[in-house]
Amino acid sequence: MTAQEKSLLYSLLNNADCLYSGRVSSDFAPADFKDDADIAAPVSVAVQDAAVPDAAAEIKKIALDIAQCTGCVLCKARTNTVPGIGKIPPVVLVIGEGPGADEDRTGEPFVGKAGQLLDKMLAAIQLSREDNCFIANIVKCRPPANRTPLPEEAQACAKFLQAQIDVLKPKMILAVGNTALHNLLGTTTGIKKLHGKFFNYQGIPLLATFHPSALLRDESLKRPAWEDLKIFRSKLLEIVPDYQTSYLNGGSV
Ligand code: URA
């Protein structure tokens, strides 16, 4: 079995246990799996772990594939595809739901009111799309009237997000809102129950918090969202102790 397969199994079992028992996996430590010796030579393990050479070019290629995609009905009404934007490679990958009207018009994720709030939330823990984050969505085309993407739309788009994750290799993932949580973890349990807890997503620590649109609708969610962000920052400081350096230097480091 390959290290990637073992890691996937481990994360599925860990997440299932957390969902079933209510256990909080904030003390989650990613397991260090190795490929079985007779399946892969050590060299391929090293290559698998290494940063993707010219990740920016790979991300551009994925964006071009997204622009050509007709894999679901969302392609019919789109003005622009919204592949994602940010620092390459990022420390943190932020994953939202899907483009709204402003994003459809500009081709950039999170540029409307919710996006402005997301930027403030990230800035509060020294993260930004300019310096250390990449921001993407579950679906890359706007659902009509901003409805929740249907399962088949999320499914059709999943290969693009997976390709982005494979190239970007983020150290941590921040999932915002129910759609990101449900599609990434394969659960239907609501964000109110699962926010602020760590899950293992393909070996990457993932925490879900409330979507900024939800915070705009319901002020009372701002406090728990802030608590989630503090938990996220603590873990990030453990994994990447100097992650704030690029932010504090305006991306110059
Ligand atoms: N909401 C999202 O989930 N994503 C965007 O890009 C914009 C709003």
Side-chain angles (χ1 to χ4, degrees), residues 55-56 59 62-63 66 81-100 102-103 106-140 149 154 157-158 160-185 191 194-216 221-222 224-237 239-240 243-244 246-247 251:
I59 288 295
I62 297 166
I66 292 170
T81 50
V82 183
I85 202 164
K87 180 80 178 168
I88 301 173
V91 179
V92 170
L93 174 62
V94 180
I95 303 178
E97 176 177 300
D102 294 317
E103 292 78 18
T106 59
E108 277 192 28
F110 282 101
V111 290
K113 279 207 170 117
Q116 287 158 23
L117 179 54
L118 177 67
D119 284 342
K120 284 187 190 158
M121 291 163 70
L122 295 176
I125 54 169
Q126 293 78 49
L127 293 173
S128 76
R129 59 182 86 194
E130 290 81 21
D131 300 323
N132 45 23
C133 287
F134 193 90
I135 302 182
N137 282 307
I138 292 292
V139 294
K140 316 297 191 190
C157 227
F160 296 125
L161 184 58
Q162 185 61 56
Q164 289 173 320
I165 293 171
D166 290 345
V167 170
L168 295 171
K169 299 189 186 303
K171 299 287 185 269
M172 284 179 55
I173 293 176
L174 182 67
V176 294
N178 266 317
T179 300
L181 170 71
H182 292 166
N183 284 286
L184 293 168
L185 295 188
I191 190 90
L194 296 184
H195 74 96
K197 299 175 184 183
F198 277 104
F199 295 92
N200 177 348
Y201 186 76
Q202 301 177 1
I204 306 165
L206 175 154
L207 180 139
T209 191
F210 298 97
H211 194 285
S213 302
L215 301 186
L216 290 171
L221 296 176
K222 283 191 175 168
W226 172 232
E227 296 303 325
D228 294 345
L229 291 174
K230 286 196 285 186
I231 294 168
F232 190 83
R233 178 177 54 189
S234 296
K235 178 64 115 186
L236 192 51
L237 280 169
I239 297 177
V240 191
Y243 86 88
Q244 295 151 314
S246 59
Y247 180 85

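- Within the model, atoms CZ of Phe134 and NZ of Lys87 stand 12.5 Å from one another, a figure rounded to the nearest 0.5 Å.
- Taking all atoms of both residues into account, the shortest heavy-atom contact from Ala124 to Trp226 is CB-CZ3, 3.7 Å.
- Annotation: side chain of Ile239 is in contact with side chain of Met172 (closest heavy-atom distance under 4.5 Å).
- For the residue pair Ile95 and Ala180, the shortest heavy atom distance occurs at O-CB, 3.4 Å.
- Note that NZ of Lys140 and OG1 of Thr81 are 10.0 Å apart. Values are rounded to the nearest 0.5 Å.
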Before giving the answer on side-chain contact (heavy atoms from CB on, under 4.5 Å), spell out for Leu207 and Lys235 the whole-Å C-alpha distance, their side-chain angles and the decisive distance to 0.1 Å. CA-CA 10 Å; Leu207 180 139; Lys235 178 64 115 186; over 6 Å; no

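- Panel note: side chain Asn132, backbone Gln126; a donor-acceptor pair is recorded below 3.5 Å.
- Glu103 contributes a side-chain N or O that, together with a main-chain N or O of Gly112, makes up a donor-acceptor pair within less than 3.5 Å.
- In summary, of the residues considered (Thr179, Asn183, Asn178), a side chain to side chain contact (heavy atoms under 4.5 Å, CB included) with Leu181 occurs for Asn178 alone.
- One finds the CZ atom of Arg233 at 12.5 Å from the CG atom of Leu122 (value rounded to the nearest 0.5 Å).
- Between the Asn137 side chain and the Glu97 main chain, a donor and an acceptor come within less than 3.5 Å of each other.
- Annotation: side chain of Leu184 is not in contact with side chain of Phe199 (no heavy-atom distance under 4.5 Å).
- Side chain of Gln164 to backbone of Pro83: a donor-acceptor contact under 3.5 angstrom is found.
- With contacts defined as side-chain heavy-atom distances shorter than 4.5 Å, the pair Ile125/Leu236 does not qualify.
- Once rounded to the nearest 0.5 Å, the distance linking NZ of Lys169 with CD1 of Ile88 reads 14.0 Å.
- One distance of note links CG of Leu174 with CD1 of Ile135; it measures 9.5 Å at 0.5 Å rounding.
- Using a 4.5 Å heavy-atom cutoff, the side chains of Pro109 and Ile85 are in contact.
- Nearest heavy atoms, Val176 versus His211: O-CD2, 3.5 Å.
- Considering every non-hydrogen atom in both Cys133 and Pro90, the closest pair reads C-CB, 3.7 Å.
- Of all the heavy atoms in Ala154 and Ile138, the pair that sits closest is CB-CG2, 3.8 Å.
- Counting heavy atoms from C-beta on, the side chains of Leu237 and Tyr243 come closer than 4.5 Å.
- For Lys171, the NZ atom sits in a loose shell: 12 or fewer heavy atoms of surrounding residues, nucleotides or ligands are nearer than 6.0 Å.
- Ile165 pairs in a side chain to side chain contact (heavy atoms under 4.5 Å, CB included) with only one of the listed residues (Leu161, Val167, Leu168), which is Leu161.
- Counting non-hydrogen atoms of neighbouring residues, nucleotides and ligands closer than 6.0 angstrom, the NZ atom of Lys230 exceeds 12 such neighbours.
- Within the 4.5 Å cutoff, no side-chain heavy atoms of His195 are placed close to those of Glu227.
- In terms of heavy-atom proximity, Leu117 sits nearest to Pro212 at CD2-O, 3.5 Å.
- The side-chain heavy atoms of Thr209 and Phe232, taken from C-beta on, include no pair separated by under 4.5 Å.
- From Asp166, atom CG reaches atom CD1 of Ile62 across 8.0 Å, with rounding to the nearest 0.5 Å.
- Counting only heavy atoms from C-beta outward, the side chains of Ile191 and Phe210 approach each other to under 4.5 Å.
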